[in-house]
Amino acid sequence: MANDVSFYLGKFISHLNNLDKTRRKMEALLIRDVIVRRDIEQVYEGLFMSSITSLENWIENLFIGLMVGRIKHYSSLVVPRVSFNSDRIAREVTFGERNYLDWLPYQKYTLKRAKAFFRNGLPFTNLDKKDLKQLDNLCIVRNAIAHKSLYSLSLFEKEIIGSIPLTQQERKPAGYLRSVFRITPTQTRYENLITEMVSIVKKLCS
């Protein structure tokens, strides 16, 4: 029996909320001097990487789930070009001889794949330019954390930091994630990126 797409949306949001509980606990420990700044910065990087991995896994699950009929989408316009009887067969066809697939950068992988397997690429083409730019930014932050290469860090500086007035520490990926995005209500840039991520996932469900 197919589960409504909202079921998987709820699971994704719940997972991100659990990650944020960890973030808030660690911030409390920092205030009490139980941990130091280096610790909290590593936490922010780890939580962000976990959230990005969860996003890729969610996209893959939606993609395969729609093709096998395990996931029911709200829109009748979402029609797979081919249908499969099991996740295993759908994965074999989609993955080919590869053990895993990248879903980000979104335009490079997910969109091209969606246009081949779904009519009009829906629901994966249901994102606007702002959403696609935000997904690109998420990848830039991820790469700056994962690789820390001269190229990834220079791209992070150019595309993410830009002219934002930040301290030297906040111009690094971990410091950027922990920096204040909004004062009222208080929100870090990590929290803002997660909010954007949830907004994008909701669009893929609508």
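A quick note: this is a predicted structure, and the numbers were derived from the prediction, not measured. Heavy atoms only: backbone and side chains are in, while hydrogens, waters and symmetry mates are out. Each residue takes its place number in the sequence, starting with 1.
Checking side-chain atoms of Thr125 against main-chain N and O of Asn120 turns up a donor-acceptor pair under 3.5 Å. With hydrogens and angles ignored, the 3.5 Å screen pairs no side-chain donor or acceptor of Glu196 with any backbone N or O of Gln134. Formation of a donor-acceptor pair under 3.5 Å by the Asn143 side chain with backbone atoms of Ile140 is not found in this model. Judged purely by atom type and a 3.5 angstrom limit, Asp128 uses its side chain to pair as donor or acceptor with the backbone of Lys130. Using modelled atom types, one side-chain atom of Lys148 and one backbone atom of Ile145 make a donor-acceptor pair closer than 3.5 Å. A distance-only check finds a donor-acceptor pair linking the side chain of Ser51 to the backbone of Phe48 [under 3.5 Å]. At least one donor-acceptor pair under 3.5 Å links the side chain of Asn126 to the backbone N or O of Lys203.
Counting only heavy atoms from C-beta outward, the side chains of His15 and Trp58 never approach each other to under 4.5 Å. Annotation: side chain of Val43 is not in contact with side chain of Glu27 (no heavy-atom distance under 4.5 Å). Using a 4.5 Å cut-off on side-chain heavy atoms (C-beta onward), Leu135 and Leu138 make contact. Looking at Lys72 and Asn3, their side chains never come closer than 4.5 Å, going by heavy atoms from C-beta outward. Proximity of Leu104 to Tyr109: side-chain heavy atoms (C-beta onward) are nowhere separated by under 4.5 Å. Side-chain contact check for Tyr74 versus Ser6: some heavy-atom pair is nearer than 4.5 Å.
Ionic pairing of Arg142 and Glu56 is present here: one or more N-O contacts between side-chain nitrogen and carboxylate oxygen are shorter than 4.0 angstrom.
Ring-plane geometry between Phe63 and Trp103 is classed as tilted, the angle between the planes lying from 30 to 60 degrees on a 0 to 90 degree scale.
In the displayed structure, Arg81 atom CZ is contacted under 6.0 Å by more than 12 heavy atoms of other residues, nucleotides or ligands. Applying the 6.0 Å contact sphere to CZ of Arg119 captures no more than 12 heavy atoms from other residues, nucleotides or ligands. The number of heavy atoms from other shown groups lying within 6.0 Å of CG (Asn18) is above 12. The number of heavy-atom neighbours closer than 6.0 Å to CZ of Phe181, taken from other residues, nucleotides and ligands shown, is 12 or below.
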Result block: side-chain N/O donor-acceptor pairs under 3.5 angstrom for residues 92-99, not counting sequence neighbours:
residue	atom	partner	partner atom	Å
Glu92	OE2	Arg88	NH1	3.0
Thr94	OG1	Ala90	O	2.7
Arg98	NE	Phe95	O	3.2

All N/O donor-acceptor pairs, side-chain side in residues 153-164, below 3.5 Å, sequence neighbours left out:
residue	atom	partner	partner atom	Å
Ser154	OG	Leu150	O	3.0
Ser154	OG	Tyr151	O	2.8
Glu157	OE2	Arg171	NE	3.3
Glu157	OE2	Arg171	NH2	2.4
Glu159	OE1	Lys133	NZ	3.2

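In the model, Ser149 has a side-chain atom that pairs as donor or acceptor with a side-chain atom of Ser152 under 3.5 Å. There is no side-chain donor-acceptor pair under 3.5 Å between Arg23 and Tyr190. Residues Thr188 and Glu191 have side chains that bring a donor and an acceptor to within less than 3.5 angstrom of each other.
In terms of heavy-atom proximity, Pro123 sits nearest to His73 at CB-NE2, 3.5 Å. Nearest approach of Leu66 to Pro80, heavy atoms of both residues: O-CG, 3.5 Å.
To the nearest 0.5 Å, atom CZ of residue Arg113 and atom CG of residue Leu101 are 4.5 Å apart. Here the CD1-NZ distance, from Ile13 to Lys202, works out to 5.0 Å after rounding to the nearest 0.5 Å. Rounded to the nearest 0.5 Å, atoms CD (Glu41) and CE (Met26) are 12.0 Å apart. Distance check: Ile194 CD1 to Leu19 CG gives 7.5 Å after rounding to the nearest 0.5 Å. Here Ser54 contributes atom OG and Asn61 contributes atom CG; the two are 12.0 Å apart, rounded to the nearest 0.5 Å. A distance of 9.5 Å separates NZ in Lys11 from OG in Ser14, rounded to the nearest 0.5 Å.
Each of Arg189, Gln169, Glu170 was evaluated against Ser179; a single residue qualifies, Arg189, per the side-chain hydrogen bond (donor to acceptor under 3.5 Å, both in side chains) test. Checked against Cys205 for a side chain to side chain contact (heavy atoms under 4.5 Å, CB included), the options Asp4, Val5, Ile200 give a single hit: Val5.
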